[in-house]
Amino acid sequence: MNEKQILQAYEIARERYAAIGVDTDKAVEILEKTPISLHCWQTDDVIGFESKAGLSGGIQTTGNYPGRARNIDEVRADVKFAKSLLAGTQRLNLHEIYGDFGGKFVDRDQCGPEHFQSWIEWAKENGMKLDFNSTSFGHPKSGDLSLANPDPAIREFWIEHTKRCRRIADAMGKAQGDPCIMNIWVHDGSKDLTVERMRYRQIFAESLDEILKEDLPGMKTCLEAKLFGIGLESYTVGSHDFVAGYCATRKLMYTLDTGHYEQTENVSDMVASLLLFVPELMLHVSRPVRWDSDHVTIMNDQTLDLFKEMVRADALDRCHIGLDYFDASINRIGAYVIGTRATQKCILSALLEPLAKLREYEDAGKGFQRLALLEEAKSLPFGAVFDYFNCKNGVPVGEGFIPEIERYEREVTSKR
Ligand code: RNT
Ligand code: ZN
């Protein structure tokens, strides 16, 4: 399709949507401004630059597709290339283990904003804002319990780490003039039965209270809930109930990772409950296959419903959108582009819902009409609007990004 055809198709789509009360120009404008935070850890299978200790903490990448980023320059080059194929706004989500440590070993209780100064500069140069994560896994002190550990020495170590991470996030947020969202996810749990479920959770809550004491206006903290980790199947300290209760009482942002719930659970329905009790949501958009497998996000019913619920709740501005998956079995940069575009498709689809009309039907008790319009909305010319969004922003339309990624693979990643 050439540009003229894309614009023609868009004009037709615009009229079609207008007929049911939907403003496509406005939807595209909102989509362009809605940031999606790219998770740096897709470039290198969650390894980072601190040590070669490997992954622990109940998460795992599978696959050994060639071309993994091996150092900070390669991570940056890959993120930059992925971004060049994406319309709209992207942020970059860093983990503490991706600091610029200058070849020295910097332990987790020693990290500071100085190790992220070059990231702050790089992000500015590349038009991205930063988000951040403390890192509890892949360390000799990780064990099964970090912030929930009854051993004060270990617990203190992780409290110190997390406090320092909040200060790093604060420095990032101040430098970029926009709060850095810092996620706390700890892997704490137990492989087998425990008779101390409440005790560890109580310790965890105390650790978090201590960590959150410091007032840091440049950043916002969020806490991620989880169902279970590999090797930690019987018990998770930071379960949904714990995190929901903690965030509601402390007025903290809740991190909703779409892979972290029972497979039959309707995750999208959580949006309209949580947002009544927590100030904001951080989303880790992922794709669980049979379990929390961290497959590349695609445009499926779960993801579509998630964004529909956000738009229906008029809460896009209370939701921070990030990706979280790690697929080492396919081209890693391709994985970013597929996942980001899929997320954008879902956001756009939600923005194009004929909500006013649907609400009118619902208020009038017109159940048949509501269901009919929900069904018909599925086959409206959504693709023409998405093509226009990409064309307008000068990035490949449709499958046009496939050869670009193949070229980068030929010229760059295959040589690693
Ligand atoms: C793990 C969580 C967490 C991690 C990243 C690396 O189950 O989803 O968000 O994926 O922190
Ligand atoms: Zn996550």
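Whatever order the structure lists ligands and atoms in, that order sets their numbers, starting from 1.
- The atom of Asp257 that is an N, O or S and sits closest to the Zn ion (ligand 2) is OD2.
- Proximity to Asp257 (heavy-atom distance under 4.0 Å) selects the following atoms of ligand 1: 8 (O).
- Atom 7 (O) of ligand 1 has Lys226 NZ, 2.7 Å as its closest protein atom, hydrogens excluded (heavy atom only).
- In the model, Thr255 has a side-chain atom that pairs as donor or acceptor with a side-chain atom of Asn183 under 3.5 Å.
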For His240 and Tyr254: C-alpha separation, side-chain torsions, deciding distance, then whether ring pair (Phe, Tyr, Trp, His ring centres under 6.0 Å) applies. CA-CA 10 Å; His240 164 68; Tyr254 178 107; 5.7 Å; yes
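- Looking only at protein heavy atoms, the nearest one to atom 9 (O) of ligand 1 is Glu224 OE1, 2.7 Å.
- His284 contributes atom ND1 as its closest N/O/S atom to the Zn ion (ligand 2).
- Remark: Glu214 does not engage Arg166 in a salt bridge, criterion side-chain N to carboxylate O under 4.0 Å.
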Starting from the C-alpha separation in whole Å, work towards a yes-or-no answer on ring pair (Phe, Tyr, Trp, His ring centres under 6.0 Å) for His260 and Trp291. CA-CA 8 Å; His260 288 190; Trp291 63 288; over 10 Å; no
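- Below 4.0 Å from some heavy atom of Ile59 lie the following atoms of ligand 1, by number and element: 1 (C), 7 (O).
- Scanning the protein for heavy atoms near atom 6 (C) of ligand 1, the closest one is His95 NE2, 3.3 Å.
- Within Glu224, the N, O or S atom at minimum distance from the Zn ion (ligand 2) carries the name OE2.
- One finds no salt bridge joining Asp44 and Arg332 here, because no Lys/Arg side-chain nitrogen approaches an Asp/Glu carboxylate oxygen to under 4.0 Å.
- Aromatic rings from Phe157 and His139 are positioned such that their centres are separated by under 6.0 Å.
- Judged by the shortest distance from any of its heavy atoms, His260 lies inside the 4.0 Å radius around the atoms of ligand 1.
- For the pair Glu362 and Arg370, the salt-bridge criterion is met [side-chain N within less than 4.0 Å of a carboxylate O].
- Heavy-atom proximity to His284, at under 4.0 Å, picks out these atoms of ligand 1: 9 (O).
- Each of the following atoms of ligand 1 lies closer than 4.0 Å to a heavy atom of Phe326: 10 (O).
- Considering just the N/O/S atoms of Asp324, the one nearest the Zn ion (ligand 2) carries the name OD2.
- Under 4.0 Å is where a charged nitrogen must lie from a carboxylate oxygen, and between Glu353 and Arg312 at least one such pair does.
- Of the N or O atoms in Trp41, none lie within a sub-3.5 Å distance of an N or O in ligand 1.
- Shortest contact from atom 4 (C) of ligand 1 to any protein heavy atom: Asp324 OD2, 3.5 Å.
- Judged by a 6.0 Å distance limit and a 45° cone about the ring axis, Lys226 is not positioned over the six-membered ring of Phe228.
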